[in-house]
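We're numbering straight along the sequence, starting at 1.
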Amino acid sequence: MISPASPTRDWARTVATDAVRAQAHHLVALSHSLHAEPETAMREHESAAKIALLAEEAGFDVTRGVAGLPTAFVATRGDGELVVALCAEYDALPGIGHACGHNVNGAASVGAALGLAAVAERLGITVKLIGTPAEEDIGGKALLLDAGVFDDVAAAFMVHAAPEDSVGASSLAVGAWDVSYTGRPAHAALAPWEGVNALDAITLAHTAVGLLRQQLPPGTLVHDVVFEAGHVVNVIPATARARYELRARTTEDLARARRRVRACLEAAALATGAELELTEHGADFADLRQDEFLTAAYTRAARSLGRDPVDRRGEVMASTDMGNVSHVLPALHPTIGYDTEGARHHTAPFARYGNSPGADRAVVDGAIALAHVGVELATDPAQRRRCLDLLAARRPVNGGSSRV
């Protein structure tokens, strides 16, 4: 076993760093290409193909379309007992492109995988680059986790683009319903009493949830958008469709909020006589639980690159499907910062800075910092053992499932 005091750690950091810097041009080109050709959730065919091809050309074994998701993939190098995963995101937002910086996130994870691959044999690790689609929608990481793609992973890393460097933050748990009310059409002037108004149902639901917000605990949020509520003004609307998204500080709080909001939706159906259909939209995202050792290791790595991450432990950011991964295995999800002149995530101005010089530096620095975390984990006997023991505890017993 490698000692933390061994020169192996310094050697591995240097080799991994050099490997990332040697590929910096390709990593930045990848980030720019993703940025220039944004693809939304589950439509990221070209984006996934670009990353998978780069990994394949670097000697990774690539499996495309894993877990029945056409835009997901797994690329591996090495055969060590310690499996370290880099999660690559690459989906964009409808209408505003990479307004969450996933082009930076994905390219940084690819770079980290390349850096760790250069030292994998010496450190006794397997590098697993996981292409994780649809973070902005149905939660690719959650679906891949449920499908067993993380079953052999001892620790998982990624960085997220942001206006600042930070470590340690949690995230809100989130879940969504697709909501449909079905009524009965009727002529709005001649016989409105013969109709059942689905628009009334969606209006009552929106109002009831609005009133409910007063009684929701801090950190619990409900958002809704109406997709359809009738088609012509002189016909009682027979159908109405909406999506409701709920966020809460923990998965337990999310479950409680679901019960309260569901009651509002059911009450609207009861009051109007419309039929209600609820369909869960994608996977629920769990709250993010960042590993303390990995966070500390990343902080040291970022500082060695001239960055000074803000400690956000105890604070809550938006939501991420990396939360689901973090409930099952040690996970790391810091932010990597660059100047956006005050623009925040999920806005067109933020997207415009995704191919700026600052964003390009974030790709390379993020890759190096993540690679350093992998090196530190692999060369710290106690932490390596901790992650392997946690992995062993998750493994199936007598053929059963290890998934949580």
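Under the ring pair (Phe, Tyr, Trp, His ring centres under 6.0 Å) criterion, no residue pair touches residues 225-271, with sequence neighbours excluded. The list of ring pair (Phe, Tyr, Trp, His ring centres under 6.0 Å) pairs with a residue in residues 365-388, not counting sequence neighbours, is empty. Contacts classified as side chain to side chain donor-acceptor pair (under 3.5 Å) and involving residues 197-215 (residues at least two apart or in different chains) are given here: His206-Asp224. Sorted by first and then second residue, the ring pair (Phe, Tyr, Trp, His ring centres under 6.0 Å) pairs involving residues 67-100 (not counting sequence neighbours) form an empty list. For residues 66-78, every residue pair satisfying the side chain to side chain donor-acceptor pair (under 3.5 Å) rule, not counting sequence neighbours, is listed here: Glu44-Thr71. Counting only residues at least two apart or in different chains, ring pair (Phe, Tyr, Trp, His ring centres under 6.0 Å) contacts with residues 146-167 comprise His102-His160, His160-His333, His160-His345.
Listed by chain and residue number, nothing satisfies the side-chain hydrogen bond (donor to acceptor under 3.5 Å, both in side chains) test with Thr340 (two or more places apart in sequence, or in another chain). Residues that satisfy the side-chain hydrogen bond (donor to acceptor under 3.5 Å, both in side chains) test with Arg262, not counting sequence neighbours, are Glu266. Applying the side-chain contact (heavy atoms from CB on, under 4.5 Å) rule to Arg184 yields the partners Val196; only residues at least two apart in sequence or on another chain are considered. Not counting sequence neighbours, the partners of Glu315 by the side-chain hydrogen bond (donor to acceptor under 3.5 Å, both in side chains) test are Arg312. Arg64 is linked by a salt bridge (Lys or Arg N to Asp or Glu O under 4.0 Å) to Glu56, counting only residues two or more places apart in sequence or in another chain. Arg300 pairs by the side-chain hydrogen bond (donor to acceptor under 3.5 Å, both in side chains) definition with Glu376, not counting sequence neighbours.
Going from atom CG of Leu172 over to atom CE of Met317 covers 9.5 Å, rounded to the nearest 0.5 Å. Atom CD1 of Ile138 is separated from atom CG of Asp284 by 13.0 Å, given to the nearest 0.5 angstrom. Atom NE2 of residue His346 and atom CD of residue Glu136 lie 3.5 Å apart, to the nearest 0.5 angstrom. To the nearest 0.5 Å, atoms CG (Asp79) and CD1 (Ile125) are separated by 11.0 Å.
One N or O on the side chain of Arg394 and one on the backbone of Val153 form a donor-acceptor pair closer than 3.5 Å. The closest donor-acceptor contact from the side chain of Thr251 to the backbone of Ala286 lies at 3.5 Å or more, if one exists at all.
A salt bridge does not link Arg21 with Asp18: every distance from a Lys NZ or Arg NE/NH1/NH2 to an Asp or Glu carboxylate oxygen is 4.0 Å or more. Ionic pairing of Asp253 and Arg256 is present here: one or more N-O contacts between side-chain nitrogen and carboxylate oxygen are shorter than 4.0 angstrom.
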Exercise. For Asp287 and His327, what are the C-alpha separation, side-chain angles and deciding distance, and is it a side chain to side chain donor-acceptor pair (under 3.5 Å)?
Worked result: CA-CA 8 Å; Asp287 51 298; His327 279 234; 3.3 Å; yes

Exercise. What's the verdict on salt bridge (charged side-chain N to carboxylate O under 4.0 Å, His left out) for Arg13 and Asp10, showing C-alpha distance, side-chain angles and the deciding distance?
Worked result: CA-CA 5 Å; Arg13 282 178 178 152; Asp10 290 337; 3.6 Å; yes

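Heavy atoms of other residues, nucleotides or ligands lying less than 6.0 angstrom from CZ of Arg243 number more than 12.
The two residues Pro163 and Ala343 come nearest to each other via the heavy atoms CG-O, 3.6 Å. Contact detail for Cys100 and Leu93: the closest heavy-atom pair is N-CD1, 4.3 Å.
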